[in-house]
Amino acid sequence: MSSKPTGRNGSSRKIVYVAYTGGTIGMRRGDSGYSPAPGYLAERLAAMPELNHLDLPDYVLHEYAPLLDSSNVGPPEWEAIAGDIATNYQRFDGFVVLHGTDTMAYSASALSFMLEGLAKPVLLTGSQIPLAEVRSDARENLITSMMLAASGEPNEVCLYLNGALLRGNRATKVSVGGFDAFESPNFPLLGSVGVEVSIRRDLLRPPGARQLQVRTLSTDGIVALRLFPGISASLVERLLEDPVRGVVLETFGAGNAPARDGALLDALSRASERGVVVVNCTQCLRGKVDMSGYATGRALAEAGVVGGADMTVEAALAKLSYLLTLGMTPAQVRRSMAVNLRGEISEA
């Protein structure tokens, strides 16, 4: 087993592993706009005297190659990040993943399922303005994430931006240009950071009881389908054909679909009978799916659709991909979608 690395200044302070995958935080302004530049973030961090303060942990920065806009981050990158954390797990007190904000909630949800037995903090953060800019939000996001990662809690995958600590698989991006880019619509914040750092320890998940294990996660055969008034049943049927194995169906209100359209329900029913797992998630930002409340919701249940309760679409996609990658049968996946595995769904 590798020993814990010594800090940059030979110190015995706690030490955090910073995985820089790309995103706005480390971009440099050029003639054609902002773009990532290898080595540039390391230069900017070295020029920040506050990172040498004794109240902060030491850190090791690992820069990925190539650096990616988060729109290009998917399962291969999730696997690389999870593997990187596992490889360095015993050597560091916590982990900070620097990531673009556009798909940060997807990555946080995926990593929450991939890192089984996690007993150390994993914080995803980034910024809306690059670190090099005068008005950047990156400094506070980075410094606070490093402090939280070194604190020993939370022992789960979280997302931190603009004073808000969110459970990773409860977060969703709600603003393109605001510093408060993320919300946790159906679950309280795990913590808030202002003059004081306030952590809701009653909400934190207990540390994993087993040794950390990385699970692979594949989105092959997984689709998200957003219903809209007038959607064609024939289009839905084509979208549900092989090789589709799982669908996150984004429905109206409390989980409703046009029940008057028998062809649409028939298409969903036939897909379910073939073994396609269809999970019902509401298009609404807040609230949960309840397919017993309206006839239109009950019609979906009768067609074999399973309720996604109050999961975000990002979490539902990650969870469905994770369960199918485990090799479960469709019946097992349907049952497991209703079980709280990583804090992604509220208990009934």
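Here the structure is a predicted model, which means the values were calculated and not measured.
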Is it true that a side-chain atom of [X] and a backbone atom of [Y] form a donor plus acceptor pair closer than 3.5 Å?
| X | Y | answer |
| --- | --- | --- |
| Asn155 | Pro206 | no |
| Thr282 | Lys288 | no |
| Ser151 | Leu148 | yes |
| Gln283 | Glu250 | yes |
| Asp93 | Val16 | no |
| Glu273 | Ala303 | no |

Answer yes or no: is there an ion pair linking [X] with [Y], defined by an N-O contact shorter than 4.0 Å?
| X | Y | answer |
| --- | --- | --- |
| Glu156 | Arg342 | no |
| Glu153 | Arg205 | no |
| Lys173 | Glu314 | no |
| Arg245 | Asp220 | no |

Side chains of [X] and [Y]: closer than 4.5 Å at any heavy-atom pair?
| X | Y | value |
| --- | --- | --- |
| Leu159 | Leu123 | no |
| Leu323 | Leu341 | yes |
| Met104 | Leu161 | yes |
| Ser192 | Ser198 | yes |
| Thr24 | Pro130 | yes |
| Tyr17 | Lys120 | no |

Hey, what do you get for [atom1] ([X]) to [atom2] ([Y]), rounding to the nearest 0.5 Å?
| X | Y | atom1 | atom2 | result |
| --- | --- | --- | --- | --- |
| His53 | Met147 | NE2 | CE | 9.0 Å |
| Leu317 | Met311 | CG | CE | 10.0 Å |
| Leu190 | Ser184 | CG | OG | 7.0 Å |
| Ser136 | Asn141 | OG | CG | 8.0 Å |
| Asp58 | Lys14 | CG | NZ | 13.5 Å |
| Ile222 | Leu320 | CD1 | CG | 4.5 Å |

[X] and [Y]: which non-hydrogen atoms are nearest, and at how many Å?
| X | Y | result |
| --- | --- | --- |
| Ala105 | Ala171 | CB-O, 3.4 Å |
| Ala108 | Leu124 | N-CD2, 3.8 Å |
| Met146 | Leu51 | SD-CD2, 4.1 Å |
| Cys158 | Leu165 | CB-CD1, 3.7 Å |
| Ala86 | Val214 | CB-CG2, 3.6 Å |
| Thr219 | Ser321 | CG2-OG, 3.7 Å |

Residues clustered with Phe179, ILVMFWY side-chain links under 4.5 angstrom: Ile129
Other than Val289, which residues form its hydrophobic cluster under the rule that side-chain heavy atoms must be closer than 4.5 Å? Val223, Leu225, Leu227, Phe228, Ile231, Leu235, Val236, Leu239, Leu240, Val244, Val247, Leu249, Phe252, Leu264, Leu265, Leu268, Val276, Val278, Met291, Leu300, Val305
Intermediate values then yes/no, side chain to side chain donor-acceptor pair (under 3.5 Å), Arg335 and Thr329: CA-CA 10 Å; Arg335 286 194 296 270; Thr329 65; 5.3 Å; no
Identify, with sequence neighbours excluded, every residue that meets ring-ring contact (aromatic ring centres under 6.0 Å, His included) alongside Phe113. Tyr322
ring-ring contact (aromatic ring centres under 6.0 Å, His included) against Tyr64, all qualifying residues, sequence neighbours excluded: His62
Stepwise, does the side-chain contact (heavy atoms from CB on, under 4.5 Å) test hold for Leu67 with Tyr40? CA-CA 11 Å; Leu67 294 170; Tyr40 184 64; over 6 Å; no
Using distance only, find each side-chain donor-acceptor pair of residues 43-50 under 3.5 Å and give its atom names and separation, not counting sequence neighbours.
none

When the ring planes of Phe95 and Tyr89 are compared, do they come out parallel, tilted or perpendicular, using 30° and 60° as the limits? parallel
Does the side chain of [X] come under 3.5 Å of the side chain of [Y] through a donor N or O and an acceptor N or O?
| X | Y | answer |
| --- | --- | --- |
| Glu344 | Ser109 | no |
| Glu140 | Tyr160 | yes |
| Ser70 | Asp102 | no |

Transitive ILVMFWY side-chain link [X] to [Y], under 4.5 Å:
| X | Y | value |
| --- | --- | --- |
| Tyr294 | Val306 | no |
| Val248 | Met328 | yes |
| Leu285 | Val313 | no |
| Met27 | Tyr20 | no |
| Val60 | Val122 | yes |

With Ile199 as partner, the option from Val193, Leu189, Leu204 fulfilling side chain to side chain contact (heavy atoms under 4.5 Å, CB included) is Leu204
Given Glu79 and Leu217, is the side-chain contact (heavy atoms from CB on, under 4.5 Å) satisfied, shown in steps? CA-CA 8 Å; Glu79 189 166 342; Leu217 184 155; over 6 Å; no
Step by step, would you call Thr251 with Asn280 a side chain to side chain donor-acceptor pair (under 3.5 Å)? CA-CA 7 Å; Thr251 57; Asn280 186 350; 2.5 Å; yes
Under the side-chain contact (heavy atoms from CB on, under 4.5 Å) rule, what do Phe187 and Leu203 come out as? Steps first, then yes or no, please. CA-CA 9 Å; Phe187 192 76; Leu203 298 177; 4.2 Å; yes
My understanding is that only residues two or more places apart in sequence, or in another chain, count here; which of them pass side chain to side chain donor-acceptor pair (under 3.5 Å) with Thr325? none
Run the side-chain contact (heavy atoms from CB on, under 4.5 Å) check on Asn169 and Thr312 step by step: do they pass? CA-CA 8 Å; Asn169 55 36; Thr312 63; 6.0 Å; no
